[in-house]
Number of protein chains: 2
Amino acid sequence: MPRKIRQRNTGDAADFPPPTSSGYLVRDAHRAFQRLLERRIAPYGVTRGQWYFLRVLWTTDGLSQRELSARVGMMEPTTVIALRSMERSGLIRRVRARDDRRRVQVFLTAKAKRLRAELLGVARRITEEAEHGLAIGELSVFRRVITRMTANLDQIEK
Amino acid sequence: MPRKIRQRNTGDAADFPPPTSSGYLVRDAHRAFQRLLERRIAPYGVTRGQWYFLRVLWTTDGLSQRELSARVGMMEPTTVIALRSMERSGLIRRVRARDDRRRVQVFLTAKAKRLRAELLGVARRITEEAEHGLAIGELSVFRRVITRMTANLDQIEK
DNA sequence: TCCCATTGCATAGATTTCTAAGTATTATCC
DNA sequence: GGATAATACTTAGAAATCTATGCAATGGGA
């Protein structure tokens, strides 16, 4: 992902200038987080797509593919592809549930479990670097605001 | 893009629980913004990829592909593909610069210019909906914090 | 002036994501 | 108990993105 060249704010309110739009600011921040995360987990042979699933499975192992899709926020076909790559990399095993043979449960391998502490450390470090120079109070306002924005948008149907 | 099922915060600090991590919150918000934007510009036949380029060109028409790539924050091959689709949709013309025949300048068509006011309105409305119920002071802290986070991360090389 | 590095764009191929439709298993209802 | 619906996953195909490489035009130094 390339770093972005920032446009100067034109100050023309009628134009709805990007640099003051929340959505725009969120996109930029998101890209910055992704870029760094991607670069730092790559040495472990883990991609960003895999990261999201690991993150959930480290907390709750043995979920079905459908449950995983919902928690990670990806469509099921995407999950199939991601899990396939994780199986190839030896990060997960897929086990057909005995009580309901439609379900496939996903379990972390020992390898994936060993990566946990280190990779969560990577994420924690990125967060610290992002928050550097910001006061606790500011961060708490930030969290409240962005959570509310997400909730506001999520509740809109169309 | 599917809506995400949220995990409850386990409260286990050692686990670095997602719901309190800035990066996590930013990702969720980003997805919410994208989902809505995508849905609302689709009726105009504009995709999210095209949107970013329109946004820049509405401000500064006639940029080269390289300049556009930098401002939008995409790699040049991605720009080639996006611009090709925009040309097919009649949103832009590509004109080889006379003084330097390597450069291709990108100009908006009348159609794209006509879409400007309406589509910027769509973006503005999404912002308003996202910010609903939040105080000016909170929003201003939010903007300062997220801008600083992006700057913090962008300045890290590795 | 001519060679070679630089610049601007394009192509090739891989990956990741989506939507739409298909298959296998289980549950429901008469 | 058997037809039908619902559920869980998979496949197919398109779009968008990246990295690596190639091609054409330009510029700089001997």
Side-chain angles (χ1 to χ4, degrees), chain A residues 1-5 27 30-31 34-39 41-42 45-54 62-89 92-106, chain B residues 1-5 27 30-31 34-39 41-42 45-54 62-89 91-107:
Chain A
M1 200 174 350
R3 202 175 299 202
K4 216 170 108 179
I5 300 302
R27 173 175 180 245
H30 178 245
R31 294 168 52 85
Q34 298 308 351
R35 219 165 42 86
L36 204 56
L37 179 67
E38 213 161 65
R39 219 180 295 165
I41 62 179
V46 174
T47 67
R48 218 177 58 213
Q50 300 177 341
W51 166 264
Y52 300 127
F53 291 95
L54 285 175
L63 291 172
S64 73
Q65 299 194 185
R66 173 148 302 178
E67 289 163 335
L68 270 173
S69 302
R71 298 221 198 174
V72 169
M74 284 175 177
M75 298 308 296
E76 293 177 27
T78 307
T79 301
V80 169
I81 289 171
L83 293 180
R84 192 178 295 154
S85 88
M86 293 175 78
E87 196 162 31
R88 267 202 309 271
S89 308
I92 58 156
R93 283 173 306 124
R94 307 206 282 171
V95 180
R96 206 155 269 280
R98 218 173 305 156
D99 54 323
D100 182 344
R101 303 224 318 286
R102 290 170 302 185
R103 297 179 76 234
V104 173
Q105 291 181 283
V106 178
Chain B
M1 202 174 347
R3 204 174 302 201
K4 216 170 107 180
I5 301 303
R27 173 175 180 246
H30 178 246
R31 294 168 52 83
Q34 297 308 352
R35 219 165 42 85
L36 205 55
L37 179 66
E38 213 161 66
R39 219 180 296 163
I41 62 179
V46 174
T47 69
R48 219 178 56 215
Q50 300 177 342
W51 166 264
Y52 300 127
F53 290 96
L54 284 175
L63 291 172
S64 73
Q65 299 196 185
R66 175 149 299 177
E67 290 163 336
L68 270 174
S69 301
R71 298 222 196 173
V72 169
M74 284 176 178
M75 299 307 297
E76 292 178 27
T78 309
T79 301
V80 169
I81 289 171
L83 293 181
R84 193 179 294 153
S85 88
M86 292 175 78
E87 195 162 30
R88 267 202 308 273
S89 308
L91 292 170
I92 57 156
R93 283 173 305 124
R94 307 207 282 171
V95 179
R96 205 154 268 282
R98 218 172 304 159
D99 54 323
D100 181 345
R101 302 226 317 287
R102 290 171 301 186
R103 298 179 75 234
V104 173
Q105 290 181 282
V106 178
F107 292 96

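Below, chain A is the first sequence line, B the second, and so on; all start at residue 1.
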Between A:Gly73 and A:Asp99, name the one whose nearest nucleotide on DNA chain C is closer to the 5' end.
-> A:Gly73
5'-most by nearest nucleotide on DNA chain C - A:Ala82 or B:Glu67 = B:Glu67
Considering non-hydrogen atoms only, spot the tightest contact between A:Pro2 and B:Gly73 and give its length.
-> CG-O, 2.9 Å
Closest heavy-atom pair and its distance - B:Val46, B:Leu54 = CG1-CD1, 3.9 Å
Nearest to the side chain of A:Arg102 - C:dT26, D:dT17, C:dT19?
-> C:dT26
Candidate nucleotides D:dT26, D:dA20, C:dC18, ranked by approach to the side chain of B:Asp100 - the nearest | D:dT26
Between [atom2] on [N] and [atom1] on [X], what's the gap in Å once rounded to a whole number?
X        : N      : atom1 : atom2 : answer
A:Arg98  : D:dA8  : CZ    : C1'   : 19 Å
A:Arg103 : C:dT23 : CZ    : P     : 24 Å
B:Tyr52  : D:dA16 : OH    : C1'   : 11 Å
B:Leu37  : C:dC18 : CG    : P     : 16 Å
B:Gln50  : D:dA16 : CD    : C1'   : 11 Å
B:Leu83  : D:dT17 : CG    : P     : 11 Å
A:Met75  : D:dG13 : CE    : C1'   : 16 Å
B:Arg96  : D:dT26 : CZ    : C1'   : 13 Å

Verify the contact: side-chain N or O of [X] to OP1 or OP2 of [N], cut-off strictly under 4.0 Å; return yes or no.
X       : N      : answer
A:Arg94 : D:dA8  : no
B:Gln65 : C:dA10 : yes
A:Arg84 : D:dT11 : yes
A:Thr78 : C:dC18 : yes

[X] near the nucleic acid: base, sugar-phosphate alone, or nothing, with a heavy-atom cut-off under 4.0 Å?
X       : answer
A:Thr47 : sugar-phosphate
B:Thr79 : nothing
B:Glu76 : base
B:Arg35 : nothing
A:Arg66 : base
A:Val80 : base
A:Pro77 : base

Indicate yes or no: at least one non-hydrogen side-chain atom of B:Arg84 is less than 4.5 angstrom from one of B:Arg88.
-> yes
Tell me, please, whether A:Tyr52 has A:Arg71 positioned over its six-membered ring: NZ or CZ under 6.0 Å from the ring centre and within 45 degrees of its axis?
->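 Geometry flag: not set, cation outside 6.0 Å or 45°.
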Do B:Glu87 and B:Arg93 meet the salt-bridge criterion of a basic N to acidic O distance under 4.0 Å?
-> no
Salt bridge or not for A:Arg103 and A:Glu67, using N-O below 4.0 Å?
->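 Yes, A:Arg103 and A:Glu67 are salt-bridged.
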If you take atom types as modelled and just measure distance, does the side chain of A:Arg101 reach the base of C:dT25 with a donor-acceptor pair under 3.5 Å?
->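 Per atom types, no contact qualifies.
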